[in-house]
Amino acid sequence: MTRECLSAGLSLRDPSLTMRTAASLDEAKAMLAGAPRPSVVLCNVVSLTPPNGSVLATLRDLAGAFGGTPLVILSDGEEDLPLEASRLGVRGCLPTSVGLAVAQEAVRLVAGGGTFFPSPFLHRLLPRREAMEDDPPMPSGGAALTARQRGVLQRLREGKSNRVIAQELGISENTAKVHVRGILRALGAANRVEAVRKAWQPAESESLSRGRDRGRDRD
């Protein structure tokens, strides 16, 4: 319903826009393989994300799926989505809170070679980019985590509370809690201790294995 309503709304506002809709990624790829190719792909990332799945993981899968066709994603306010989108070369992030007039101009701007990230997003992106430069490297078990989640996870490993994590990262305590929940979901962990174990256990197990191998070599 969202897909059809958005398509109909944009078409009514600007009849010169030719809109085609796809209900799945496979359907969209098949459409892109034909002619004429669209100027822009507008995608609702959340709707393509399976239940309990990671929106960011879906975004990473989508980023390279459309070849050279510019991608604009819809956002319902997911905090990490605009930053990750900009890193992946996505050309626009369109909040669902904007009106059809802004959506129309955003699509036209991206089709003409520009990018569209609303100013509130950009104001958040700049300090977050600076803060994330010092985030720790990804643990071997944390492939599905964002840079900010890795920073939170490192602090979980140090036994820090949500309040301390929030203070150190310059975020609210509620945001810290959201990141912790996202980490637990991404790692399939029931609690903070299990999340830390799952993230670092592969590396530690490999280290122990190398130590045993060196011991056998000396024997």
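Residue numbers run from 1 in the order of the sequence given.
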For the CZ atom of Arg60 and the CD atom of Glu84, what is their distance to the nearest 0.5 Å? 4.5 Å
Closest contact, heavy atoms only, Ser39 versus Pro70: O-CD, 3.2 Å
Apply side chain to side chain contact (heavy atoms under 4.5 Å, CB included) to the pair Cys43 and Leu48, showing each step before the final yes or no. CA-CA 9 Å; Cys43 182; Leu48 293 178; 3.5 Å; yes
Please tell me if the side chains of Thr49 and Leu59 come closer than 4.5 Å, counting only heavy atoms from C-beta onward. no
Is the CZ atom of Arg163 crowded by more than 12 outside heavy atoms at less than 6.0 Å? no
To the nearest 0.5 Å, atom CG of Leu12 lies from atom CD of Gln104 at 11.5 Å
In short, Leu71 meets Ala63 closest at the heavy-atom pair CD2-CA, 4.3 Å
To the nearest 0.5 Å, what is the distance between CG (Leu74) and CZ (Arg3)? 12.0 Å
What pair of heavy atoms forms the shortest contact from Thr115 to Leu109, and how long is it? O-CD2, 3.1 Å
Check Leu187 against Ala199 and note the closest heavy-atom contact, atom names and distance. CD1-CB, 4.1 Å
Looking at every non-hydrogen atom in both residues, tell me the closest pair between Arg108 and Ser16 and how far apart they are. NH2-OG, 2.6 Å
For Asn52, I'd like to know if atom CG has over 12 heavy atoms of other residues, nucleotides or ligands within 6.0 Å. no
Are side-chain heavy atoms of Val41 and Val72 found at a separation under 4.5 Å? no
Less than 3.5 Å apart, any donor N or O on the side chain of Ser24 or Asp26 sitting next to an acceptor on the other? no
pair Arg148-Ile171: side-chain heavy atoms closer than 4.5 Å: yes
In the single-linkage hydrophobic clustering (I, L, V, M, F, W, Y; side-chain heavy atoms under 4.5 Å), do Leu62 and Leu88 co-cluster? yes
Taking atom types as modelled and ignoring hydrogens, do the side chains of Thr69 and Arg91 form a donor-acceptor contact shorter than 3.5 angstrom? no
Hey, what do you get for CE (Met19) to CG (Leu42), rounding to the nearest 0.5 Å? 6.5 Å
Do Ile165 and His179 have side chains that approach each other closer than 4.5 Å (heavy atoms only, starting at C-beta)? no
For the backbone of Asn162 and the side chain of Lys177, can you confirm whether one donor and one acceptor N or O come within less than 3.5 Å of each other? no
Evaluate the side-chain proximity of Phe66 to Leu25: yes if any heavy-atom separation is below 4.5 Å, no if none is. yes
Would you check if Leu6 and Leu100 make a side-chain contact, meaning some heavy-atom pair closer than 4.5 Å? yes
Return the CZ to CZ distance between Arg197 and Arg192, rounded to the nearest 0.5 Å. 16.0 Å
Within the side chain of Arg155, is there an N or O that forms a donor-acceptor pair under 3.5 Å with the backbone of Lys160? no
Between the side chain of Arg185 and the main-chain N/O of Ser54, is any donor-acceptor distance below 3.5 Å? no
Within a strict 4.5 Å, meaning less than it, do heavy atoms of the Leu94 and Ile73 side chains meet? no
Heavy-atom nearest pair, Ala22 first then Met31, reads CB-CE, 4.2 Å
Give the C-alpha distance, both sets of side-chain angles, the deciding distance and a yes or no for side-chain hydrogen bond (donor to acceptor under 3.5 Å, both in side chains) between Ser172 and Asn174. CA-CA 5 Å; Ser172 70; Asn174 284 336; 5.4 Å; no
Side-chain contact test, heavy atoms from C-beta onward, threshold under 4.5 Å: evaluate it for Val107 versus Phe116 and give yes or no. no
How long is the straight-line distance from CD of Gln154 back to CD of Gln149, given to the nearest 0.5 Å? 14.5 Å
Are Leu10 and Val102 joined in one hydrophobic group, where the rule is that I, L, V, M, F, W and Y side chains link up if heavy atoms are under 4.5 Å apart? yes
